[in-house]
Amino acid sequence: MSDDLFTLLHGKTLDALRALVPDLAPELAARVELTPARVPAQGDLATNAALIAARPAQRKPAELAAALARALANEPEIDAAEPAGPGFVNLRLRPAALQAELPRILRSGPRYGDSRIGAGTRINVEYVSANPTGPMHIGHCRGAVVGDALAGLLDKAGYHVTREFYVNDAGAQVIALAWATYWRYLQALGTPLTEAAFSADVPGGFQYPGDYLVPIGAALAERHGEALAGPGKTVAPSELWLDTVRDFAVGTLLERIREDLASLGVRQEVFTSERALLESGAVERAIETLRSRGLIYEGVLEPPKGKLPEDWEPRPQLLFRATAFGDDTDRPLRKSDGSNTYFANDIAYHADKIARGAQAMIDVWGADHGGYVPRMKAAVEALAPAGETLQVLLCQIVHVMRGGEPVRMSKRAGTFITLRDLIDEVGAGAVRFTMLMRKPDAQMEFDIDLARAQTRENPVFYVQYAHARCRSVLRRAEASPEALADADFSVLTDPAELALLRRMAAWPRTVEGAAQAREPHRIAFFLYDLAGDFHMLWNRGNEAGAELRFIQPDRPRETQARVGLVAAVATVLRSGLAVLGVEPMEEMR
RNA sequence: GCGCCCUUAGCUCAGUUGGAUAGAGCAACAGCCUUCUAAGCUGUGGGUCGGUGGUUCGAAUCCACCAGGGCGCGCCA
């Protein structure tokens, strides 16, 4: 835990409660909360402690609350403690207690709000994990941003985070990619071959007609000349070229994906190749592990309820007993042609993550994979030698809006918006922040015009503007945060200043809550609120009389304290933006 | 037919894991610049938290049923 104001007072509340109710059960103590007051009339903080403990202590909540209030009122940080409502205790802090948070912020710098709730738990966050069959488009973007911000959040909360990308470079879709690239290669050699004519030769049907493979085909032609083609630059047997073309196309596209991700500020340190995993025999090993636990059998599944696939027929299959772990049905591991299902590969992949040391895993997926979650969690539960866990975050669909109209996208028609286009148009920071202003399990509209707007409507701008204003003051004041930490902050007594202090004091608590809930969007909302508090105080400095201007040459004591306050705001804003992976702006003119 | 997600102000959305009188922004109306960035700030109005029951000191939050929207439903990824 951090040693911030909230944590300190939460501890004191629990101590006071235990003094009144000595045999308080730990699970009840864990439910005791200290939360910011909803309305100013209730003071600064409120606790539900008496409500939680009243029943086991066989006391009336209001009476216990009164006793608790009397005890807490003696604490030096607390100005007043009063029982309220059905059994709450409202606490009013001494301004000094809030002011004391400022030196802590200024001395901690970007580490302010760091928490140890993660306790160094090795947690693997896997996100994006697109097929390397084309450029990143906007559909991949939300998962990339949410995963990356979640990783940043968990890192700040004291977890040992691994950021991972699973490269789906095995299976039918990369074969299809190889064929499409081969077509572009033949074209680069000068073979006049229409898509229709070529498609007839492609097993499983032609895919990936997009132009982005043209340069890759050309590069192959340059590197290999006619060596991969048949006589007269025609289609050669695939044994001759498939591996070469596939590896080259996948490698090239993956490199491009990494570049796109980097321009979004996403940097995963681990890229795991599905194909390498398969070639290592990992799938067989994982299945053997499950078999040794009696969780693998040969069986016939019930037909799915509702609409039946036309070619459905009962067939014995190699099955994983997912129902033993809460799934609706057992799940197949082998296809009818004898190859492994994607699920089988994924079991091996998660076993691999565990083998590499992951104690907890988070997968960020698109909502269309929702039906896959129970079986994957079942598999991890079945594998986990030491209780390793899997959580899956599903990101709902993003609808892109421009000029008030939905932007239609079709991969086939090549009208999808690439991630690169989006970043070029609105900027990486705005893309990230905007994506994080929604909880991931709700569908969202991404309004391109709004993300670019320079008004309060646009939260990114609003937060950046607050930071730029802070920096402007600090440039003028020419003071270092370290020196400001020694200022006399007792002059900060205006309600607007205290509100800002209260907000910043809630930062460590916000980090912990967001990390535990796996909800990075809470950080974005916190920053938006903090920026609002700051803009308000700023404008008070423009009022007649200007009592609250930060810099007042004839009042050095006030100036020192207020510039310290501004430095703290800048620090917390930077700290929050860093969690979200957004670069703070020094100036906006 | 079944499963998962969503439904909160005219619009876009929060709601601190069950807390007190449900909050922001936009839009509407009324104000604030000789000043540290007015790209900003202040105020006013606006609600049957989709519906009905239940659980308890207390429900937007948990449970059941219903309605609407989205996603998915042997061997695709």
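A, B, ... follow the sequence lines: proteins, then strands. Residue 1 opens every chain.
Using atom P as the reference point in both B/rA67 and B/rG51, the two lie 15 Å apart (nearest Å). Between B/rG15 and B/rA77, the distance separating the two C1' atoms is 37 Å to the nearest Å. Comparing the same atom, P, in B/rU56 and in B/rC63 gives a spacing of 16 Å after rounding to whole Å. Nucleotides B/rG53 and B/rA30 have their C1' atoms positioned 46 Å apart, rounded to a whole Å.
With a glycosidic angle more than 90° from 0, B/rC6 adopts the anti conformation. Nucleotide B/rU8 is shown with an anti base, its glycosidic torsion being more than 90° from 0.
In this structure, A/H369 places its NE2 atom 17 Å from C1' of B/rG3, rounding to the nearest Å.
Ion pair A/R503/A/D529 flagged as a salt bridge, since at least one NZ, NE, NH1 or NH2 atom sits closer than 4.0 Å to an Asp/Glu carboxylate oxygen.
The side-chain ring of A/Y372 is not stacked on the base of B/rG72, judged by centre separation under 5.5 angstrom and plane angle under 30 degrees.
Across every strand in view, B/rG1 sits in a pair with B/rC73 that passes the Watson-Crick or G-U test at under 3.5 angstrom. Of all nucleotides present, only B/rU44 satisfies the Watson-Crick or G-U wobble test against B/rA28, with each distance under 3.5 Å.
For A/N539 against B/rG40, a side-chain-to-base donor-acceptor contact under 3.5 Å is present.
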Open item on the list: I need a per-nucleotide contact map over nucleotides 9-18 of chain B, read 5' to 3'. Cutoff is protein heavy atoms under 4.0 Å; write B for the base, S for backbone only, - otherwise.
Closed with: ---SSSSBB-
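Proximity of the aromatic rings of A/W179 and A/F206 is defined here by a centroid distance below 6.0 angstrom, and this criterion is not met.
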